[in-house]
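Data block below; observations after.
A note on names: the letters A, B, ... follow the listed sequences, proteins ahead of strands, and every chain is numbered from 1.
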Amino acid sequence: MVVSRGAPVPQAISHEAVLRDHRPELNRTLTLTPTPEQDKAQKHAEQVKAFHEKNKNPRDAIKSNEKITSSLSDTEKKQLNSVNSDLAKQAEQFDNYSSVVDEARRTHRSIEDVCKAHEKTDSGFESRFNDSQKAVVDQMIQASYVTGRIPGYKGMSDSNKRLAVEAYVAANPRVRELYVSEMSKIARDAINLSEDPTKAATNAKDSKVADLKGEKKVLLEQMRARLGVKDSDLTDDQIEQMYANGRNVDEVEMDMFDAMLKAQKIEPSAYHARQALQRMQALQGEFQISAGKGTKSTFNLEAYIQAHPADQRVIEYNALAVNEKTNIGLAAQIKSQDELTIQNVRNAVYGRANYDRGGVMVGGIRAELDKIDSNLRATKQAENQKSNVTPEAQAKADAERAVLKVRMEKLMEDSVERALLDDYDELEGDNQRKIAAEAQDAGELGELREKKAITDVNVRQKEHGVKTNEKGKKVINRTDIGDDARRISQDGDEGVRRIELRNLTEGDDPVISLKDKDGKPLYVDKNGKPCDDKASDKREATWRDVNYEQLSKEDRDLLDKIHESQGQRIAETVMVDYFFAQKPPMKGRELEIIGDKKALDLSPAQQADLARYLGGDQIREYFKQSREFSSFKDLLGEIQKSPGGEHNKFIAFLLLLLGMAGGLVKKRDDLI
Amino acid sequence: MNPSLQELQKKAYQQLLDAMIVGLEKGEMTTEESQASSRKITRNLDGIESHTELLLFLQSLSNTYPAYKGVFVNFKQEETAHKDEQKLAAVQAKLQKLTGIIPQ
């Protein structure tokens with residue numbers, strides 16, 4: 001294409017632009033609908049923006065956006081309970097406890113204030129927190145995966161043990177984050193569990209029995225309503241008793257009739273006596289008809305009876321006659337005014353013959369009595385029904401639960417391990433960045449030797465402490481960590497200087513050489529004094545015993561500079577490694593440990609000296625306070641006052657102090 | 001902390017917050033990522049001890065969360081400009097010493 005000079009160069013139309021339909025009415029329909037994730041993010045952005053507009057502080061806005069670990073919901077607790085009630089309770093207690101500690105930490109309030117605030121709307125909150133706190137610490141002081149990580153734990157007083165466990169592990173925000181969020185996942189997994197067949201069968205049985213009992217209650221009420229009696233006149237137990245011992249409905253019906261009479265103050269025995277007499281009279285009438293005698297005066301009852309001894313009616317008559325005298329006496333109790341009542345009771349129980357409908361019995365309670373009979377039989381059958389759960393089905397359900405139970409059992413230990421490892425790695429990451437920045441700054445100022453020294457002194461320290469090798473495996477040098485910790489505790493600044501000198505004189509290309517300008521070794525005599533190569537008791541000087549004046553001025557100046565800029569960091573690295581090496585949180589991960597735990601042993605006095613060196617005046621103050629702390633509530637208040645990012649260090653200092661507070665403390669107050 | 005570092009820190013907080021909001025709105029960042037990065041930011045930014053450390057932190061942060069890349073680039077450009085000014089001033093000072101001429 002030929003384009004004239006100065007004319008605008010036509011722009012090539014992009015492939016996509018050609019394909020796109022530019023008619024707005026069509027484009028409208030092409031608007032992308034945000035995904036649920038994007039929608040959520042947009043709403044979240046609104047919240048962050050609103051917070052910032054209200055508070056006008058970007059740091060606070062970002063801080064407020066940090067993720068909060070939600071407490072377990074009631075449904076989750078229920079699900080966990082279905083796996084194992086004891087472990088579910090432990091989970092709930094830890095959740096209760098750590099949520100309050102978390103809230104106190106986030107809102108910069110004391111635990112007491114948080115509890116008081118909740119108490120206003122939730123009575124008993126503080127008491128529940130105290131119970132949960134006690135339960136959590138009780139559990140943790142039994143766990144070696146917690147106590148084994150705290151130096152000097154065995155020598156601590158009981159109250160200090162509780163304080164140490166709480167400060168180091170229970171209140172660690174990462175432990176809560178990991179534990180509670182994983183517990184929520186377990187609860188979700190528990191939803192998919194098939195129902196425990198034995199429990200399911202029991203539940204089904206209980207449910208069926210409960211249904212039947214409910215139905216019985218209704219039937220009994222209906223029956224009492226038909227009879228027009230109150231439940232106090234005819235109780236459920238009375239009625240059920242009528243059915244006892246396999247009695248049939250006819251018998252129950254009669255009992256019911258008697259009970260009704262009694263309720264009307266008519267003695268059933270009197271009624272039955274009169275009935276017997278009436279029956280005798282009716283039989284006499286029948287005998288008379290059978291004898292063909294028209295009138296009563298010509299009929300001889302006794303002769304008839306004697307003449308027909310095998311007649312069933314005669315047999316019945318004779319049986320009734322036995323009690324005739326008694327019955328006459330009893331029947332006399334029935335007064336004429338009772339007749340109507342008796343009739344009403346009879347109608348209510350047995351029903352009334354409806355002659356309009358061909359003599360059909362209406363009313364009565366026979367239908368209810370039949371239903372109650374069926375109900376009681378069905379209830380008894382349901383109660384006695386044996387479980388039909390097969391051992392295989394039960395074993396399968398148990399196995400499913402066992403998997404989740406094991407996850408619940410191991411979760412606290414796993415969370416503690418992971419939290420401490422993450423804490424360590426995070427601290428290590430921060431440290432590396434600071435070292436890199438300082439080395440870079442020195443390099444930019446042209447101080448290349450100092451730059452190398454800053455890097456080397458820290459890198460070499462990892463060789464003597466905790467390092468991650470090229471395979472990603474952590475190597476923990478307990479022997480050197482213990483030596484360095486003792487060196488600092490005994491010699492303070494001088495100990496740190498020697499460690500720095502060691503790190504700078506090691507390796508293939510050391511920053512400082514222990515040789516003179518001619519490349520000859522530096523020597524010391526048997527008393528550690530500098531000497532030349534002619535002395536009989538000479539030996540080659542090492543970083544441990546070389547006299548500083550034997551080094552060149554440049555080396556001495558460099559050492560001073562490095563000590564000034566890196567000394568505190570080296571000492572803190574030793575302390576952090578010292579804690580890490582107690583019981584490295586490496587469960588399920590590869591690690592290599594050099595030396596045993598005894599290599600880390602410090603006497604209480606050494607521990608005190610280490611703490612004093614590391615913390616100086618601040619530690620002295622914390623220590624005084626720590627002895628006054630009666631509980632973690634007060635302690636956390638102090639932690640809040642410590643500068644941001646210093647919590648981990650403070651906790652470590654505190655543990656060192658608690659560890660040494662096992663007896664020698666009073667004698668060695670001067671140390672602190 | 002020296003005042004200039006404090007200012008830088010404040011500026012970093014503001015720019016990171018703005019980048020986070022934009023990232024969320026544009027769908028470049030999820031809610032969970034914004035929460036996780038918030039923790040990382042507050043935990044680290046408060047303890048920053050030098051300008052170089054701030055840059056290293058921002059670089060590492062933007063490697064994990066690309067939504068913050070712009071903040072790192074801004075700070076890096078400012079630092080480069082600042083260093084260029086310093087170098088120029090040093091050269092000018094040397095020149096002045098050698099020639100006695102005050103450069104325009």
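Distance CG/A:N57 to NZ/B:K10: 8.5 Å, rounded to 0.5 Å. Atom CD of A:E444 and atom OG1 of B:T52 lie 6.0 Å apart (nearest 0.5 Å). Remark: A:E438 CD to B:L56 CG distance equals 11.0 Å, nearest 0.5 Å. Annotation: the span from B:E25 atom CD to A:Q42 atom CD amounts to 7.5 Å, rounded to 0.5 Å. The NZ atom of A:K63 lies 15.0 Å from the CG atom of B:L17; values are rounded to the nearest 0.5 Å. Rounded to the nearest 0.5 Å, atoms CE (B:M20) and NZ (A:K49) are 13.5 Å apart.
With sequence neighbours excluded, no residue forms a ring pair (Phe, Tyr, Trp, His ring centres under 6.0 Å) with B:F57.
Closest of all the heavy-atom pairs between B:Q14 and A:P58 is OE1-CG, 3.6 Å. The nearest pair of heavy atoms linking A:Q38 to B:G27 is CG-CA, 4.3 Å. The minimum heavy-atom distance linking A:D441 with B:S50 is given by the pair OD2-OG, 3.8 Å.
For the pair B:R43 and A:E66, the salt-bridge criterion is not met [side-chain N within less than 4.0 Å of a carboxylate O]. Ionic pairing of A:K67 and B:E32 is not present here: no N-O contact between side-chain nitrogen and carboxylate oxygen is shorter than 4.0 angstrom.
Heavy-atom neighbours of chain A within the stretch residues 33-40 of chain B, taken at a separation under 4.5 angstrom, comprise B:S34, B:Q35, B:S38, B:R39.
With a threshold of 4.5 angstrom between heavy atoms, B:I21 approaches chain A through its backbone and through its side chain.
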(message) Set out, in order, the CA-CA distance, both residues' side-chain angles and the distance that settles side chain to side chain contact (heavy atoms under 4.5 Å, CB included) for B:I48 and A:R433, then state yes or no.
(response) CA-CA 10 Å; B:I48 290 290; A:R433 190 184 60 236; 4.1 Å; yes
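Ranked by non-hydrogen atom pairs under 4.5 Å with chain A, the options B:I41, B:N44, B:D18 are led by B:N44. In terms of heavy-atom pairs under 4.5 angstrom with chain B, the leader among A:D430, A:T35, A:D39, A:V48 is A:D430.
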